[in-house]
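Below is one structure, written out as structure tokens; comments come after it.
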Amino acid sequence: MTNSGTSVGRTGGRDGTLSSAGTEVDIAIIGGGIGGLTLALALRQHGITAEVFEQADELREVGAAVAIAANGSRILRRLGLGDELAQGAVEPTRLQYRHGLRGLVVAEHPMGETYTRRFGAPFWGIHRAVLQGSLSAAWGAERLHLGRCLAEVTEAPTGARLEFRDGTTVRARTVVGADGIRSVVRRALTASTPVYSGTSGFRGIVPLRAVPSLPDPAALQFWMGPGAHLLHYQVGNAVNFLAVLDNPKRWTAPGGLVEAAPGELAAAFAGWHPAVLEMITAVPQSARWGLFTLPPLHRWSSGPIVLLGDAAHAMLPHHGQGANQTIEDAAVLARCIAEAGPTQRAQALRRYERLRRARTRAVQRASWDTSAVLHLPDGPAAAARDAQLRGLNERLRWIHDYDADFTVVGSTRATAVRP
Ligand SMILES: Cc1cc2nc3c(=O)[nH]c(=O)nc-3n(C[C@H](O)[C@H](O)[C@H](O)COP(=O)(O)OP(=O)(O)OC[C@H]3O[C@@H](n4cnc5c(N)ncnc54)[C@H](O)[C@@H]3O)c2cc1C
């Protein structure tokens, strides 16, 4: 274990800002989201210092809740956050797939204790603010630099040069782009941009008392019907939902979030089961999230620059894996950097990329395939899908069973990619 952070100079100030221009740091992490903060904590666990630069003036998570599966929760537990997160989370009792209009259960799998026993770590439904809050509290303010929006990164003779919108610059020996789907760091590596899926989502958190018709509120449920589906799971005394529609066909807004016409969500689900209607009308209609995915990148790294999380492999949310894959990335990258030591940093970045590309690509593809089948009308294709969903537990084992730390140490316990 090395503390290579001491080798390249300066650290952040107590107020969370780097005061001087032209500062030198060892590892600069761009983005203080789930990926950036998890990486920072994982590096620290290996005795390595990093600086996190986040564009926002305060850390605020938008978008309701997030589902953390065993492949993510086992890593968060190893970072010492298990008890705290378990307290703020709800473990779904079962996974159910239903006919969206009639409410019939077409497939069901036990979760809760059964899931934890099976995969060696729990499945948590958790408020994003709680997860983000735990990660940032664990990291602390000293090396978290808020209000620092990266404008450009360029390779320099002994690392990279970061230029921020506020006019300041930083030189870093290694730069990790954990800056999300619209990553600025990625531009230094490739011209690839996210592709709109033709589907969009509305999200909300609804008090349990507002959905009296909902059967089994503690279950994680998918309600499926023609052109749409609704996913929900419990968080605290409420239900977090994501309603996905097969429209608009094209996305013209510059960002990923736009206002939708009032009543559009309710109109899309007209005629669906009363529990679905209660849920989507219990809270004001949210903005509309365009669901984007990133085409597989030819490379995730160049010289001292490397990508992590959505910046490298943004995916559709239908297996609830975007954040979980990001957490896996963080564990693997931290371990590769630690094992390589300060003199072999470039090799560490290439090794991380090699270890992560196939798996994240497989999860991306599985999420895309699932998108297509959740919106089928009644008929033979839907019946075939329902039969497949009944065997889902085994078919998705490769995602949940995976232990990112084991891939680095070379264990054969985990199946790295889809069988
Ligand atoms: C509708 C929906 C539902 C989802 N549900 C789930 C789920 O249940 N489970 C799951 O695992 N995943 C889910 N995901 C995916 C998950 O949210 C993402 O995969 C995850 O947040 C990616 O983390 P990240 O750290 O890579 O990026 P982000 O969370 O996007 O964080 C990026 C950070 O970088 C900062 N940043 C951006 N640009 C700059 C810049 N230029 N300079 C400085 N800072 C910058 C941002 O402000 C942000 O803080 C869902 C996604 C969507 C759209």
Side-chain angles (χ1 to χ4, degrees), residues 28-40 51-73 76 89 92 123-128 131-132 135-136 144-153 162-166 170 175-188 194 197 199-204 220 231-233 235 240-244 255-257 286-294 307-330 333 360 363-364 367 399-400:
I29 300 173
I30 308 301
I34 295 169
L37 291 173
T38 305
L39 174 65
E51 306 287 338
V52 179
F53 297 89
E54 164 59 44
Q55 66 180 358
D57 291 328
E58 57 173 321
L59 286 184
R60 257 179 296 116
E61 254 299 350
V62 289
V66 62
I68 299 297
N71 54 313
S73 67
L76 295 172
F123 188 104
W124 291 323
I126 190 161
H127 280 282
R128 281 178 184 257
L131 176 57
Q132 181 95 17
L135 290 168
S136 59
L144 173 62
H145 310 287
L146 297 172
R148 300 295 295 275
C149 181
L150 184 77
E152 198 179 0
V153 55
L162 303 169
E163 257 182 79
F164 292 88
R165 288 251 168 91
D166 60 8
V170 169
V175 177
V176 183
D179 50 346
I181 186 164
R182 287 165 212 288
S183 169
V184 168
V185 177
R186 191 175 57 231
R187 289 188 215 144
S197 63
T199 59
S200 62
F202 294 80
R203 297 156 105 175
L220 190 164
L231 152 75
H232 61 83
Y233 50 86
V235 283
N240 171 74
F241 76 79
L242 169 64
V244 177
L257 199 60
S286 74
R288 180 200 287 273
W289 262 266
L291 299 182
F292 286 76
T293 180
L294 197 64
L307 301 175
L308 173 145
D310 275 11
H313 50 65
M315 59 187 66
L316 297 181
H318 308 309
H319 284 300
Q321 277 293 317
N324 288 291
Q325 292 305 308
T326 299
I327 292 166
E328 285 186 8
D329 286 350
L333 180 55
T360 52
V363 180
Q364 268 184 317
S367 306
I399 294 182
H400 298 252

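First listed ligand is number 1; within each ligand, the first listed atom is number 1.
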For [atom], state which one of [options] supplies the nearest heavy atom.
atom: atom 7 (C) of ligand 1; options: Val52, Val66, Asn71, Leu135; answer: Val66
atom: atom 45 (C) of ligand 1; options: Arg148, His145, Gln55; answer: Gln55
atom: atom 16 (C) of ligand 1; options: Gly320, Ala323, Ser200, Ala178; answer: Ala323
atom: atom 13 (C) of ligand 1; options: Arg203, Arg128, Met315, His319; answer: Arg128
atom: atom 37 (C) of ligand 1; options: Val244, Asp179, Asp329; answer: Asp179
atom: atom 27 (O) of ligand 1; options: Cys149, Gly180, Gly256; answer: Gly180

Could an N or O of ligand 1 be found under 3.5 Å from any N or O of [X], whether backbone or side chain?
X: Trp289; result: no
X: Ile30; result: no
X: Pro317; result: no
X: Leu150; result: yes

Regarding [X] and [Y], do their side chains bring together a donor and an acceptor under 3.5 Å, going by distance alone?
X: His313; Y: Asp329; answer: yes
X: Asn71; Y: Gln321; answer: yes
X: His145; Y: Glu51; answer: yes
X: Ser286; Y: Arg203; answer: no

[X]: numbered ligand 1 atoms lying under 4.0 Å from its heavy atoms:
X: Phe53; answer: 43 (C), 44 (N)
X: Gly309; answer: 26 (O)
X: Gly33; answer: 25 (O), 31 (O), 33 (C), 49 (O)
X: Val184; answer: 41 (N)

Listed partners of Ala287 passing side chain to side chain contact (heavy atoms under 4.5 Å, CB included), at least two apart: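 Side chain to side chain contact (heavy atoms under 4.5 Å, CB included) check on Ala287 returns Leu257, Glu259.
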
Note, Leu37 side chain near Gln132 side chain (heavy atom, < 4.5 Å):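 Yes; the side chains approach each other to less than 4.5 Å.
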
Close side-chain approach of Gln364 to Leu294, heavy-atom, < 4.5 Å: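 Gln364 vs Leu294: side chains touch.
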
Thr326 and ligand 1 - part of the residue with a heavy-atom distance under 4.0 Å: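 Looking at Thr326 and ligand 1, just side chain atoms fall under 4.0 Å.
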
Region of Ile181 that comes within reach of ligand 1 [heavy atoms, distance under 4.0 Å]: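 It is neither part, as no heavy atom is under 4.0 Å.
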
Plane angle bin for His400 and Phe123 - parallel if under 30°, tilted between 30 and 60°, otherwise perpendicular: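 The rings of Phe123 and His400 lie parallel, inter-plane angle below 30°.
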
Closest heavy-atom pair and its distance - Thr293, Ala314: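 Where Thr293 meets Ala314 most closely, the heavy atoms are OG1-O, 3.2 Å.
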
Cation-pi geometry met for Arg148 and Phe53 (6.0 Å, 45°):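 Ring-cation test returns no.
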
